[in-house]
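This is a predicted model, so every value here is computed, not measured. What's counted below: heavy atoms across the whole structure, side chains too, no hydrogens, waters or symmetry copies.
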Amino acid sequence: MDRAPLGSKRIASMKRIGYRLPALLLGLLGTTLALTAASAAARGSERLPGDEANPGNWVSYGRAFSENHYSPLRQINDGNISRLGLAWYYDLRPMASVYTAPLAVDGVLYFAVGYSLVHAMDAQTGKLLWQYDPQAPQASGKKLRGGWGIRGIAYSEGRIFTATHDGRLIAIDAKSGKLLWSVLTTEPGDNRYITSAPWAFNGKVAIGHGGSDFEPVRGYVTAYDAKTGKRMWRFWTVPGNPQDGFENETMKMAASSWRGDWWRFGGAGGTVWGAMAYDPQFNRLYFGTSNGWPWNARIRGPGGGDNLFLASIVAVDADTGRYAWHYQINPSEVWDYDACTDIELATLAIDGKPRPVLLQASKSGFFYVVDRQRGKLISAEKFAKATWAERIDLATGRPVERPDSRFQGTEPQVIFPGPVGAHSSQAMSFNPVTGLAYIPATELGGVYADPEGDLAKWQPKPNMAINTGIARGRKPPQVPPGASSLVAWNPSTQQAVWTVPLSGIVNGSTTTTAGNLVLQGQVTGALTVYAADNGRKLWSFDAQTAVIGQPITYLASGKQYVTVIAGWRGMGSSSGVSPEWEYRLQPRRVLTFVLDGAAKLPPVQMRTSPFVDDAKFVVDPQQAAIGAVVAGTHCPLCHGVGLGSGGTAPDLRKSQVPLSTAAITAVLHDGALVPMGMPKFDELTPEQIEGLRHFIRQKAREAIAAQPQAQESPAQPGAPAPAGTQTK
């Protein structure tokens with residue numbers, strides 16, 4: 001249990017309200033959808049065929065086994081959405097990430113933020129019931145240098161499940177917040193870390209991991225007994241060294257698709273860092289795998305080969321973990337188009353007959369419809385700009401790549417999409433009433449080139465630096481500005497039905513309901529609701545900070561609520577809006593809404609802060625050059641290129657810490673802020689740390705000089721930063 005509360009709450013009294021059901025009920029596949037008699041009258045909800053029991057709860061990452069991010073509730077609908085108001089809010093402390101999806105079970109709201117800090121709250125009032133802190137940063141070591149925190153949790157039979165950055169899977173009693181069991185699901189001393197939600201099904205809980213962008217990692221998924229934490233099965237996603245033998249015939253089969261000594265790096269990627277889905281119809285667990293390590297296929301596996309099961313959707317038996325089928329989205333993947341975006345289950349009319357399918361809007365820009373029973377591709381079309389491939393061949397299931405898309409050589413090329421992807425970890429949603437999927441889409445290219453020199457002699461950088469085997473080339477071309485949109489996509493016809501252009505590059509996850517609603521948070525600070533059938537904007541709320549997390553909706557004491565956790569977590573000036581949401585200044589909040597809610601947020605105090613400087617500090621160009629190498633190697637992922645970070649970590653040009661050698665040494669070398677999520681870099685020498693101080697001052701002065709009107713009185717240095725000051 002946490003020793004002290006982390007935020008303050010303000011609760012508004014809520015008026016008792018009535019509700020109505022729209023007279024018109026939409027149909028899907030010719031099936032007439034009727035209200036469940038007593039439930040609909042008492043709770044304002046309707047049941048759809050195949051929905052799990054109790055539609056008033058949100059018990060999984062995507063609400064139910066279908067993982068559609070869809071709610072059959074319609075007490076809040078397109079006819080009364082104008083009455084939606086804030087019921088209560090709860091302020092969270094500054095932390096690396098609140099990009100997460102809550103759950104709601106029987107009137108209790110559960111969520112984890114940051115490094116798996118789990119909360120339970122009364123859904124109607126916002127009263128904090130308990131907290132559990134696994135103290136993951138302290139246990140993570142250098143794993144803390146990759147990833148930013150947990151994205152979701154799971155619930156089953158009175159237990160909350162969360163995974164931790166250091167690799168544990170934890171079960172917590174949902175009523176008391178007490179630890180029930182904990183297992184290390186990664187290997188001692190490895191480079192795996194976890195940011196994804198667990199998946200609970202059939203008395204089991206499954207978890208994958210990440211880490212392959214940084215150092216050698218061989219991916220796997222592991223399932224545990226939900227009551228005891230006993231390991232039930234493990235599925236390896238890529239084969240290991242043949243001399244060690246293969247775990248099973250499936251890995252032997254996969255090894256035949258690899259060439260060269262792929263295992264010489266200690267692993268080949270294929271991590272399962274994103275979404276899964278459990279299918280009760282076939283008793284299978286589906287999961288998507290990441291791309292390879294390193295990204296460059298000519299380095300990790302010279303000689304070609306498809307490299308199974310990289311960038312694939314894999315189906316296994318839920319009880320045994322035995323291989324059932326796979327569909328590989330990108331054979332011999334090289335662009336970071338993994339298959340880890342959310343997997344959603346549906347029934348569509350294919351050739352006039354209902355067919356169980358799996359839906360995925362891929363990072364690659366293609367929307368895939370796959371037969372769930374056999375794993376056969378049904379259709380795939382572009383939902384966003386994708387220049388790497390002309391189309392997907394439906395006969396083979398393989399992409400028809402453009403001739404120059406594999407950028408062989410050091411001459412750089414701009415390819416769409418870039419590593420950000422056309423759709424990544426922000427969840428899409430699927431509404432079985434409208435038959436549409438709602439995709440938070442991005443249009444942003446990337447620069448790709450081979451590194452200079454002999455690829456056979458390529459060596460990774462140590463210490464959790466990004467190791468892709470992809471270079472930007474000697475003179476990288478200019479990448480066009482990024483754009484984003486909300487796309488309503490018809491999987492049956494593989495066409496966009498409507499599109500809403502959005503601000504910025506990356507926007508939030510979507511949720512859809514039977515009330516003809518689509519909810520999406522946006523980087524501008526708005527939580528917005530659209531009509532699910534035609535995209536008309538119906539309602540918007542100013543959250544005073546970016547809203548990137550997953551909205552959910554649920555019932556508590558017969559009323560329908562909407563909850564979202566607001567806050568920006570970008571990768572260093574990646575929002576595409578100005579001014580960028582600052583790490584220290586932006587609020588991080590739990591926001592809960594209800595019809596006729598009357599709570600108000602306090603006024604915004606400050607959006608930006610000044611750059612700091614010390615007139616007595618003399619920048620030495622040679623020392624700054626040393627610092628530039630340190631910053632370029634260790635800092636961009638969190639603090640941004642040029643150190644101008646957004647929500648993931650503080651803008652170091654505005655920090656007092658680098659003004660003091662003792663303070664920055666305590667943080668970087670000694671790990672003074674590890675509990676706050678700032679990793680230590682004890683391999684840095686005093687010369688490198690001092691060089692970083694000079695580089696930060698150099699960048700701060702460049703920023704001051706570039707302002708429309710230079711600051712007459714930039715913030716002056718004060719006392720050394722206190723222990724609680726965060727640099728990440």
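A 4.5 Å side-chain heavy-atom check between Val113 and Met95 finds at least one atom pair inside the cut-off. The shortest distance between side-chain heavy atoms of Ile150 and Thr162 falls below 4.5 Å. Contact annotation: the side chain of Pro412 never approaches that of Arg472 to less than 4.5 Å [non-hydrogen atoms, C-beta and beyond]. At a threshold of 4.5 Å between non-hydrogen side-chain atoms, the residues Val118 and Gln131 do not count as touching. No side-chain heavy atom of Thr164 sits under 4.5 Å from any side-chain heavy atom of Gln135. The shortest distance between side-chain heavy atoms of Leu92 and Ile565 falls below 4.5 Å. At least one side-chain heavy atom of Leu144 sits under 4.5 Å from a side-chain heavy atom of Tyr115. By the 4.5 Å heavy-atom criterion applied to side chains, Asp613 and Phe611 are not counted as neighbours.
Between the side chains of Ser290 and Thr271, at least one donor-acceptor pair of N or O atoms lies under 3.5 Å. A side-chain donor-acceptor contact under 3.5 Å links Asn307 and Arg300. Using modelled atom types and a 3.5 Å distance limit, the side chains of Trp295 and Asp213 yield a donor-acceptor pair. Using modelled atom types, one finds no donor on one side chain facing an acceptor on the other under 3.5 Å when comparing Arg693 with Gln623.
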Val667 and Met678: side-chain contact (heavy atoms from CB on, under 4.5 Å), yes or no, with the steps?
CA-CA 8 Å; Val667 171; Met678 170 66 199; 3.7 Å; yes

Between Glu452 and Arg474, does the salt bridge (charged side-chain N to carboxylate O under 4.0 Å, His left out) criterion hold? Intermediate values first, please.
CA-CA 9 Å; Glu452 295 182 9; Arg474 296 178 181 178; 2.9 Å; yes

How far apart are the C-alpha atoms of Leu668 and Gln688, what are their side-chain angles, what is the distance that settles it, and do they pass the side-chain contact (heavy atoms from CB on, under 4.5 Å) test?
CA-CA 11 Å; Leu668 287 176; Gln688 289 175 311; over 6 Å; no

Working note: Thr468 + Asn296, criterion side-chain contact (heavy atoms from CB on, under 4.5 Å); need CA distance, chi angles, decisive distance, verdict.
CA-CA 6 Å; Thr468 63; Asn296 197 325; over 6 Å; no

Can Ile626 and Phe695 be said to form a side-chain contact (heavy atoms from CB on, under 4.5 Å), step by step?
CA-CA 8 Å; Ile626 294 172; Phe695 179 68; over 6 Å; no

Step by step, work out the ring-ring contact (aromatic ring centres under 6.0 Å, His included) result for His209 and Tyr193.
CA-CA 6 Å; His209 61 80; Tyr193 60 80; 8.8 Å; no

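Atoms CG and CD1, on Leu169 and Ile194 in that order, are 7.0 Å from each other to the nearest 0.5 Å. Taking CD1 of Ile696 as the reference point, atom CG of Leu652 lies at 4.5 Å (rounded to 0.5 Å). The structure places CH2 of Trp568 at 5.0 Å from CD1 of Ile548, a figure rounded to the nearest 0.5 Å. The CG atom of Asn291 lies 7.5 Å from the CG atom of Leu310; values are rounded to the nearest 0.5 Å. Of the inter-residue distances, the one linking Ser484 atom OG with Gln522 atom CD reads 8.0 Å to the nearest 0.5 angstrom. To the nearest 0.5 Å, atoms CZ (Arg145) and SG (Cys635) are separated by 10.5 Å.
Considering all non-hydrogen atoms of both residues, Arg584 and Pro650 come closest at NH1-CB, 3.6 Å. Nearest approach of Leu585 to Ser609, heavy atoms of both residues: CD1-N, 3.6 Å. Gln138 approaches Pro675 most closely through the heavy-atom pair NE2-CB, 3.8 Å. Among all heavy-atom pairs drawn from Gly445 and Val414, the shortest one is CA-CG1, 4.5 Å. Looking at every heavy atom in both residues, Asp338 comes nearest to Ser362 through O-OG, 4.1 Å.
Listed by chain and number, the residues in a side chain to side chain donor-acceptor pair (under 3.5 Å) with Trp388 amount to none (sequence neighbours excluded). Scored by the side-chain contact (heavy atoms from CB on, under 4.5 Å) test, Asp244 finds Asn241 as partners (sequence neighbours excluded). A search for side-chain contact (heavy atoms from CB on, under 4.5 Å) contacts involving Pro302 returns nothing, not counting sequence neighbours. Remark: Glu401 engages Arg406 in a salt bridge (charged side-chain N to carboxylate O under 4.0 Å, His left out) (not counting sequence neighbours). Legend: residues meeting side chain to side chain donor-acceptor pair (under 3.5 Å) with Ser196, ordered by chain and number and at least two apart, are absent.
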Could you pull out every donor-acceptor pair under 3.5 Å between side chains of residues 415-425 and any protein atom, sequence neighbours left out?
from: His423; atom 1: ND1; to: Ala361; atom 2: O; distance (Å): 2.7
from: His423; atom 1: NE2; to: Gln426; atom 2: O; distance (Å): 2.6
from: Ser425; atom 1: OG; to: Tyr99; atom 2: OH; distance (Å): 2.7

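With salt bridges taken as basic N to acidic carboxylate O contacts below 4.0 Å, one links Arg298 and Asp450. Here Glu582 pairs with Lys654 in a salt bridge; the nearest charged N to carboxylate O distance falls below 4.0 Å. A salt bridge links Asp336 to Lys363: at least one charged side-chain nitrogen sits closer than 4.0 Å to a carboxylate oxygen. Salt-bridge check for Glu702 with Arg653: failed, with every basic side-chain N at 4.0 Å or more from each acidic carboxylate O. Between Asp166 and Lys143 no salt bridge is recorded (no basic side-chain N to carboxylate O distance below 4.0 Å).
Atom CD of Glu687 has 12 or fewer neighbouring heavy atoms from other residues, nucleotides or ligands inside a 6.0 Å radius.
Both tests hold for Arg218 against Trp236: distance to the six-membered ring centre under 6.0 Å, angle to the ring axis within 45°. In this structure, Arg588 forms a cation-pi arrangement with Tyr583, its terminal cationic atom sitting closer than 6.0 Å to the ring centre and no more than 45° off the ring axis.
Ring pair Phe681/His669: centre-to-centre distance not below 6.0 Å.
The aromatic rings of Trp335 and Tyr337 lie parallel to each other, with less than 30° between the two planes, well short of the 60° mark.
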